[in-house]
Amino acid sequence: MFQFKKIAKLPLILILCECGREFLQEEMYCCLSCQNSICRYCTSNEIFCYYCRSCGDVQITSEASNLTISCSSCFECPICKNVLRRQVDTEKNYGFICSYCFYTTRTIGVTDPNFQQVYAKINNAYKNEYEAEYKDFQEQYNRIKSIENNNLIIKKQQKNKHVLKSLTQSCPKSDALTHYSNSEIEKIAKEKNLKVIFQRYNLDLNNKQVQLQDFNPIQQPPTQLPIPLGLLSRKNRKCRKCQKLIFTLQSEKNSKKFAYSVQNLHYDYAPYFQVGKVSYVNKERTELSVIIQMFNKTKNAIEYSFTQLDSQTLEQYKLLTVKNLPSPTFTFNNDNIENDVQQYQKFEAILIIKDATKIQFAFCVSAKIKMPMDQQQLNYNVNVYIGTL
Amino acid sequence: MDAIIQYDKSEFHETSSGIKISKKSFIKGTEQINVSGRCIFFNDVILRGDLAKVSIGKYLVVHEKVTLKPSYSYGYTKESPTKKVIKFLPLMISDYVEIDSSSIIQATKIGTCTSIGKNCCISHRCIIGENSIILDDSILPPDTVVPANSVYGGRPAVYIAETPESTAIIQKQKLINFYKNFVPKS
């Protein structure tokens, strides 16, 4: 999945997930039962439906399991993988053409005045071309397997005797045989048998030299049939710990648009941070002041408070110490929803810089969300990355 | 915090609905162009409204050296039933779209909250879905359909990845802040 962290410009405000990964505030999800903000890797996906990327046909998973995962009406160019479009000749024969590399089905001979019979011709061509090869492959595979099994059965008994003889010769004491069990003897026998088989059939896979002399070579040139277009999938998201739904899609038949019935984004339940001015406090340039603005873009009132991180985590991730974090709790009352004016608050964090090259600091936030029927709580770590010295 | 971009008032026209067009851009056929409002057109932008109708949504940002041209197709008309004639198709650009510099666009439809990179070439009769991203230096062959919530890139452009569910929020915030910070020099 695409990450906006790669495109985003400095200064960055990222949220640390429990798994150790960092994401933008808008990309994080929220699990209210676990009271945590989660990244995409801490969620599990469940396929809701399959859809075609060119015609938009939707196949629900129960139907798609019976069919192959490819569109029945769309095809792909075998050369450039672009989606093919319909073509009409001067003789009014239908076919497919690629608008990028100009590949046509006319060269293969798959054209017909009736467009629906073009699909039937392509399906028949696939069956005729690959059926013979598949049968040959199956016969050779079964033949090799039967030979191996027969040889093993016959020579197992003979080689076990040879193995026992060699072991007795290496170990002067006859009592040493009691240390070797039957399973160990079989292992040694298997290794020797495999070496013989690899030599016989030239299947030395360690050196990656596989000689397919037993298979019939393809005498005719490839026909380059159009490839059926693979389907893409839409997914639901669940929290991995509590298995509760975070994102669910609505099932709307005969419609190509997708809508979410349940969506829990971190953005909808937590204050939004933004970096303001950055300036030095001292003449010696050992202390920086960073103004951080907070916006309440949710529909509910929020009570929030800050705490410092442990000294161990600060040393582990090489973060600067913050001097001026505000200690009491604040309340964000979002009264001006109708006028589309968002409240914001700000605080000034003073950093102590000593022998550091990066300006990066972090703090913990715990937010209580006052929803109309219930109260929820979220705890998460915010990581602010301003740049390099 | 997003950087403030200051411009000379003498170099830009500004309308009552908040459209800011630079005087060095080339716009033709204004009768057939319909813009909702709060759009920014930078230098050397070519917008051909004389060929077909162009309808544009709000919060569109078009950077330097972009050409916006309606697409075409071949077909028969009543006037010429035997010979094929070029027909120009209308161009529709939705809200919250960003088009980066030096790209050529001949699509029929561009969905909401999309971003198109630099040096892109979007050929005729392409349809780009919502919340999608087209990477820099990519060429979309004609008649491609970019589905919603997808990332396309390459030459020819190919499906690469899926975008997260929050792309609409990120794109809207980015363009609203860009418009607010695009301020004349005082």
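Note on naming: letters A, B, ... go to the chains in the order of the sequence lines (proteins, then strands), and numbering restarts at 1 for each one.
Looking only at side-chain heavy atoms (C-beta outward), A:Ser99 and B:Asp143 come within less than 4.5 Å of each other.
For B:Val151, the part sitting under 4.5 Å from any heavy atom of chain A is the side chain, from C-beta outward, and nothing else. Neither the backbone nor the side chain of A:Ile13 comes within contact range of chain B; no heavy atom of the residue lies under 4.5 Å from a heavy atom of that chain. Neither the backbone nor the side chain of A:Phe23 has a heavy atom closer than 4.5 Å to any heavy atom of chain B. At a 4.5 Å heavy-atom cutoff, B:Ser150 makes no contact with chain A through either its backbone or its side chain.
The shortest heavy-atom contact between B:Pro142 and A:Asn82 is O-ND2, 4.4 Å. For A:Tyr51 against B:Ala148, the heavy-atom pair with the smallest separation is OH-O, 4.3 Å. For A:Leu232 against B:Pro147, the heavy-atom pair with the smallest separation is CD1-CG, 4.5 Å.
Note: B:Ile169 leads B:Val158, B:Ile127, B:Thr163, B:Ile169 in heavy-atom pairs under 4.5 Å with chain A.
Counting non-hydrogen atoms of other residues, nucleotides and ligands closer than 6.0 Å to NZ of B:Lys23 gives a total above 12. Sparse packing is recorded around OH of A:Tyr94, with 12 or fewer heavy atoms of other residues, nucleotides or ligands lying under 6.0 Å away. By the 6.0 Å contact criterion, CD on B:Gln6 is enclosed, its count of non-hydrogen atoms from other residues, nucleotides or ligands being greater than 12. Atom NZ of B:Lys69 is surrounded by 12 or fewer heavy atoms from other residues, nucleotides or ligands within 6.0 Å. Other residues, nucleotides and ligands contribute at most 12 non-hydrogen atoms within 6.0 Å of the CZ atom of B:Arg38.
The line from CD of A:Gln25 to CD of B:Gln173 is 8.5 Å long, rounded to the nearest 0.5 Å. Summarising the geometry, atom CZ belonging to A:Arg40 is positioned 8.5 Å from atom CD belonging to B:Glu165; distances are rounded to the nearest 0.5 Å. B:Thr144 contributes atom OG1, which lies 11.5 Å from atom CZ of A:Arg85 (distance to the nearest 0.5 angstrom). Interatomic distance, CD of A:Glu27 versus CD1 of B:Ile170, reported as 5.0 Å (0.5 Å rounding).
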- Under the side-chain contact (heavy atoms from CB on, under 4.5 Å) rule, what do B:Gln171 and A:Glu26 come out as? Steps first, then yes or no, please. CA-CA 11 Å; B:Gln171 186 74 4; A:Glu26 293 90 346; over 6 Å; no
